[in-house]
Chemist: 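Supplied in C-alpha cells, the structure appears directly below.
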Amino acid sequence: MPDFDHAVLGTRERPTLGLDTFGDAPLDGAPGNHAETLREVVAEAVLADRVGVDYIGLGEHHRPDYAISAPDVVLAAIAGQTGRIRLGTGVTVLSSDDPIRVYQRFATLDAVSGGRAEVQLGRGSFIESFGLFGLDLGDYDRLFAEKLDLFAALQHEQPVTWEGSIRPPLVDQQVYPTTAAGKVPAWIGVGGTPQSVVRAARYGMPLMLAVIGGSPAAFVQLADLYRDALGQLELPELPIGMHSPGHVAATDDEAREQLYPHQAELVTRLGRERGWGPYSRIAFEQSAGPQGALFVGSPETVAQKIAWAARTLGLSRFQMKYSVGALPHEQRLESIRLYGEEVIPRVRELMAAS
C-alpha cells in the first residue's frame, strides 16, 4: 500500500505550491546561451527557496529552445544552495531513460539534499529523445509501460526480480543507493488520457495533470476517475497536482504585457511544428481569464485563480511554469518573489476560509 508523507506532498486542505521551469533558452544562436540559462535556473530556485516556495520542478527536454536535459544534475546544484524547498522534475522522460539509473540518480539526490528529492515520470510532450537515444517511436507505449513497471518495483528498495521485453530480466537484484525514507516519491504526469490516469492509480502513485490549454474545470472528470480507480483498488486517497503556465507582476496589466509577446512567440513557433494556427491576443486573453489555463496577473489575481483551481479539482499541489520563451531573467525573478511572498500566503488564506 502507498505510504506518502502528505505534509510534504500536500493535502486538499493545505496544498503545496510549487514552480516549474524547462530552462527556456534564447534561440538567437549566441554561444553560451544554454550555460547562462542553466546558471539562471539555479539562481531562480535559490530565490524560490528563500521566499517560501514549496517545490521546484525541472522539465527534461532535448531541444535547442530548452537548456535542461539533465535535471538531476541541475537539482544537485540547487540542493547545495538551498535548505528546504523540495526538488523534482516536471517531467523525467522515463520512456527514453533507464529506470534503474533514474532511481539511482534521484536516490542520490535525496541523500545529498537531506530527503528533499522526488521525481515526476512521464512520456514528455516532445519526441526528440527517442531518436537521440536510438529508440523506435513505434515502441512509444510499450517502453513507458514496461519502464514504469520496473521503476515501481524499484521503489520497494528490496531485491528485484523483473522480466519484460525491453531489457534482460533481473533476478534478485538489489539497486543502490537506498534512501533514508525507504523510497523515492514518484508522481505520474499525464496530459489528459483516461488510460494514463487509471495507470497512475494502479501503481499507487500521485497524479500530476498538465493543464496547458482550455480550462482546469475540464479536468474534473479525470480527477474523479483517478479517485474512483483508487477506491476500486482499495487504495487510500492520494495527492492530485496540476501544472500550468503563468507569470506574476505588480498588476494584471503589467503581468499580461510582459508575458504576452513571449507566450505568443512560443506557441506560434510550436504551432508551426504541430500544425496549429498562429497564436492571437484573443486566445491569450481567454486563457488568462478567470477559468483559463494561464495563471497570469497580480498576486491577488493569481492567488484567487489557484485557490479556485485547487477547490475545483481537489488539488494537493499546484505548480506554475514561470519561464515562458525569452521572458527576461529579471522578470522571472520578480515573478518568483511575488509568488513566494504574496501569492502563496494569500492562497493559504483563501483555502483556510473555504
Chemist: Where do I56 and L75 come nearest, in terms of heavy atoms and distance?
Modeler: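 Minimum heavy-atom contact is O-CD2, 4.3 Å.
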
Chemist: State whether a side-chain donor-acceptor pair under 3.5 Å links D149 with Y203.
Modeler: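 A donor-acceptor contact under 3.5 Å links the two side chains.
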
Chemist: Tell me whether S215 contacts the main-chain N or O of Q291 through its side chain, where contact means a donor paired with an acceptor under 3.5 Å.
Modeler: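 Looks like yes, one N/O pair under 3.5 Å.
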
Chemist: Establish, yes or no, whether the cationic atom of R274 lies under 6.0 Å from the six-membered ring centre of F126 and within 45° of the ring axis.
Modeler: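 Yes, R274 sits over the ring of F126.
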
Chemist: Can you confirm whether Q174 is buried at CD, in the sense that more than 12 heavy atoms of other residues, nucleotides or ligands lie under 6.0 Å from that atom?
Modeler: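 Counting other residues, nucleotides and ligands, CD of Q174 exceeds 12 neighbours.
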
Chemist: Is E285 salt-bridged to R256, cutoff N-O under 4.0 Å?
Modeler: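 A salt bridge is present here (some side-chain N lies under 4.0 Å from a carboxylate O).
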
Chemist: State, without any angle test, whether E60 and T89 hold a side-chain donor-acceptor pair at a distance under 3.5 Å.
Modeler: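 Note: E60 and T89 side chains miss the donor-acceptor criterion.
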
Chemist: Give me the atom names and distance for the closest heavy-atom approach of Y226 to L238.
Modeler: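 Nearest pair, atom of Y226 first, then L238: OH-CB, 3.4 Å.
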
Chemist: If you draw a 6.0 Å radius around CD1 in I166, do more than 12 non-hydrogen atoms from other residues or ligands fall strictly inside?
Modeler: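 Correct, the count exceeds 12.
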
Chemist: Could you work out, with side chain to side chain contact (heavy atoms under 4.5 Å, CB included) as the rule, every residue matching V91, not counting sequence neighbours?
Modeler: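 Partners of V91 by the side chain to side chain contact (heavy atoms under 4.5 Å, CB included) criterion, ordered by chain and then number, come out as Q120.
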
Chemist: For D172, what residues pass the side chain to side chain donor-acceptor pair (under 3.5 Å) criterion, not counting sequence neighbours?
Modeler: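 In terms of side chain to side chain donor-acceptor pair (under 3.5 Å), with neighbours along the sequence ignored, D172 is linked to no residue.
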
Chemist: Flag the pair D24 and R332 as a salt bridge only when some basic side-chain nitrogen lies within less than 4.0 angstrom of an acidic carboxylate oxygen.
Modeler: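 Judged by the 4.0 Å cut-off on N to carboxylate O distance, D24 and R332 do not form a salt bridge.
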
Chemist: Quick check: is L19 connected to L259 through a chain of hydrophobic side chains (ILVMFWY, heavy atoms under 4.5 Å apart)?
Modeler: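 As far as the 4.5 Å side-chain criterion goes, L19 and L259 are not connected within one cluster.
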
Chemist: Between F284 and Y279, how do the two ring planes meet: parallel, tilted or perpendicular, split at 30° and 60°?
Modeler: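 Judged by the thresholds at 30° and 60°, the geometry between F284 and Y279 is perpendicular.
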
